[in-house]
Amino acid sequence: MKPPLSIQITALGSYSPARVVTNDELSHRVDTSDEWIKSHTGIAVRHLAAELETTADLATKAVENLLANHGRTAAEIDGIVVATATPDYPGFPSTACLLAQRFGIKGPALDISAGCTGFIYALEVGRAMIITGAMKNALVVGSETLSSVVDWDDRNTCVLFGDGAGCALLESRQEQEGILDTYLKAEAAGAEALVIDPKSRTIKMDGRSVYSFAVRSIGQAIETLLKRNNLDFEDIAWIVPHQANQRIIAACAKRLGIDVQKFYLNIEQYANTSAASIPLALAEMQEKGLLKEGNRLLLVGFGAGLTYGGTLLTWHQY
Ligand SMILES: CC(C)(COP(=O)(O)OP(=O)(O)OC[C@H]1O[C@@H](n2cnc3c(N)ncnc32)[C@H](O)[C@@H]1OP(=O)(O)O)[C@@H](O)C(=O)NCCC(=O)NCCS
């Protein structure tokens, strides 16, 4: 009998728009300061899309980066799952279909809406669709142009967000373990805490309630995934969290009683890029040579919905 399929991330790509905006630049627009933003969030700069650059444009560059980095071609890709809160079109067509058109990909293409947990949800949708046979492989993308929905006059939110895209190719392999477990949750009671207001089309957020939800939910996702797989913190090489606020991660590490160095953080350079933050971080880790054969990784996300969840996987070099 054949062993069960293991679904693995076999390639990564990313793209950050060229325009870099500093905290000082934002302080000319709203009553804030570099000191406040750094000390309350850990953010130093964010990348923002050019005026006509859309979520599909950023995603296209990230996919091109994946193909070039790994010597792959678009013809090898079957299906596409895009996680985004800022699609090019508000209803349809999906951003995934725009990508399919650009790369000549003919398999299933769909978008996922799960806020900043979007990439974790999209990985699971891609994995499941490979297992059922709906897709041969899945290009899983997180891409956002949050700058298009930020209220640039609201200092409570405008300093927090950035634009970017990251992507992962999911493929089945028989010989090695890959994605080991996924944990997905939605806490509907918090739905109003973080919204894109339909009238103003801008982000409205109850920062304090999202903060405490985030610390609690990341901890729960991590502990659940470790416990039900009989693993300990020492078995995990890296926890790769959604990058929303350095203080959230520090508080979570303290709550779990682990060294904050276990978490990979790059929020300083990108701010919160929502569904793009985890694949952006993974691609950067790969570029820096931090992902080693056999490493166990825990990806954890939280965000609007309120949603949260995590993916436990073993990393393989391809
Ligand atoms: C938004 C956040 C950084 C605010 O930090 P905080 O320490 O909780 O700050 P508070 O909400 O207690 O506000 C403290 C003061 O700072 C002010 N403030 C908010 N943003 C500011 C800014 N950019 N510059 C200066 N002051 C600011 C507030 O107006 C408030 O002033 P007040 O006391 O006079 O009313 C924090 O709540 C947070 O990170 N929440 C989670 C947000 C998030 O990650 N969302 C996305 C999830 S995917």
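Just so you know, these numbers come straight off a predicted model, no measurement behind them. Atoms within a ligand are numbered from 1 in the order they appear, just like the ligands themselves.
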Atom 22 (C) of ligand 1: any protein heavy atom closer than 4.0 Å: yes
When you measure from the side chain of S277 to the backbone N and O of Q243, does any donor-acceptor pair fall under 3.5 Å? yes
Does the gap between the ring centers of H70 and Y318 come in under 6.0 Å? no
So for atom CD, which belongs to E51, do other residues, nucleotides or ligands contribute more than 12 heavy atoms lying within a distance under 6.0 Å? no
Backbone N or O of L48 within a donor-acceptor pair of the R19 side chain at under 3.5 Å? no
With the threshold set at 4.0 Å, does a side-chain nitrogen-carboxylate oxygen contact exist between R127 and E124? yes
Kindly indicate whether atom 27 (C) of ligand 1 is approached by any protein heavy atom to under 4.0 angstrom. yes
Does ligand 1 have any atom that is closer than 4.0 Å to a heavy atom of D31? yes
In terms of heavy-atom contacts, Y270 and T273 come closest through O-CG2, 3.6 Å
Considering non-hydrogen atoms of the protein only, which is the closest contact for atom 47 (C) of ligand 1, and what is the distance? V210 CG1, 3.6 Å
Please work out whether any backbone atom (N, CA, C, O) or any side-chain heavy atom from C-beta onward of N245 is under 4.0 Å from ligand 1, and answer side chain, backbone, both or neither. side chain
Which of the numbered atoms in ligand 1 are under 4.0 angstrom from any heavy atom belonging to R247? 5 (O), 7 (O)
Check K38 with D34, please: is the shortest side-chain N to carboxylate O separation under 4.0 Å? yes
Nearest non-hydrogen partners of P108 and M129, listed with the distance: CB-CE, 4.1 Å
A student checking ligand 1 against A244 at a 4.0 Å heavy-atom cut-off should list atoms 44 (O)
among protein heavy atoms, the one nearest atom 45 (N) of ligand 1 is M205 SD, 3.2 Å
Give the residue, atom name and distance (to 0.1 Å) of the protein heavy atom nearest atom 29 (O) of ligand 1. R155 NH2, 3.0 Å
SB check E268 R46 (cutoff 4.0 Å): no
Closest protein heavy atom (residue, atom, distance) for atom 8 (O) of ligand 1: R208 CG, 4.0 Å
Among all protein non-hydrogen atoms, which one is nearest to atom 40 (N) of ligand 1, and what is the separation to 0.1 Å? G207 O, 2.9 Å
Output yes when the distance from some N or O of ligand 1 to some N or O of N272 is under 3.5 Å, and no in every other case. no
Treating R296 as the side-chain partner and D235 as the backbone partner, does any N or O pair qualify as donor plus acceptor under 3.5 Å? no
Nearest candidate to atom 9 (O) of ligand 1, where distance is taken over non-hydrogen atoms, out of Y211, F302, W36: W36
Could you say whether the N/O atoms of H242 and ligand 1 ever approach to under 3.5 Å? no
So, is T41 polar-close to ligand 1, with some N/O to N/O distance under 3.5 Å? no
Is the Lys NZ or Arg CZ of R208 less than 6.0 Å from the centre of F213's six-membered ring, within 45° of the axis? no
How far is atom 48 (S) of ligand 1 from its nearest protein heavy atom, and which residue and atom name does that atom have? C116 SG, 3.2 Å
Run the numbers for me: atoms of ligand 1, each under 4.0 Å from some heavy atom of V159, listed by number. 23 (N)
Would you compute the distance between atom SG of C116 and atom CG of L194 and round it to the nearest 0.5 angstrom? 6.5 Å
Donor-acceptor contact below 3.5 Å, side chain N295 vs main chain W315: no
When you measure from atom 24 (N) of ligand 1 to every protein heavy atom, which one gives the shortest distance, and what is it? T32 OG1, 2.6 Å
Ignoring hydrogens, tell whether any protein atom lies closer than 4.0 Å to atom 34 (O) of ligand 1; use the non-hydrogen atoms only. no
So is there a nitrogen or oxygen of I37 less than 3.5 Å from a nitrogen or oxygen in ligand 1? no
Atom 19 (C) of ligand 1 - nearest protein heavy atom and its distance: N156 OD1, 3.1 Å
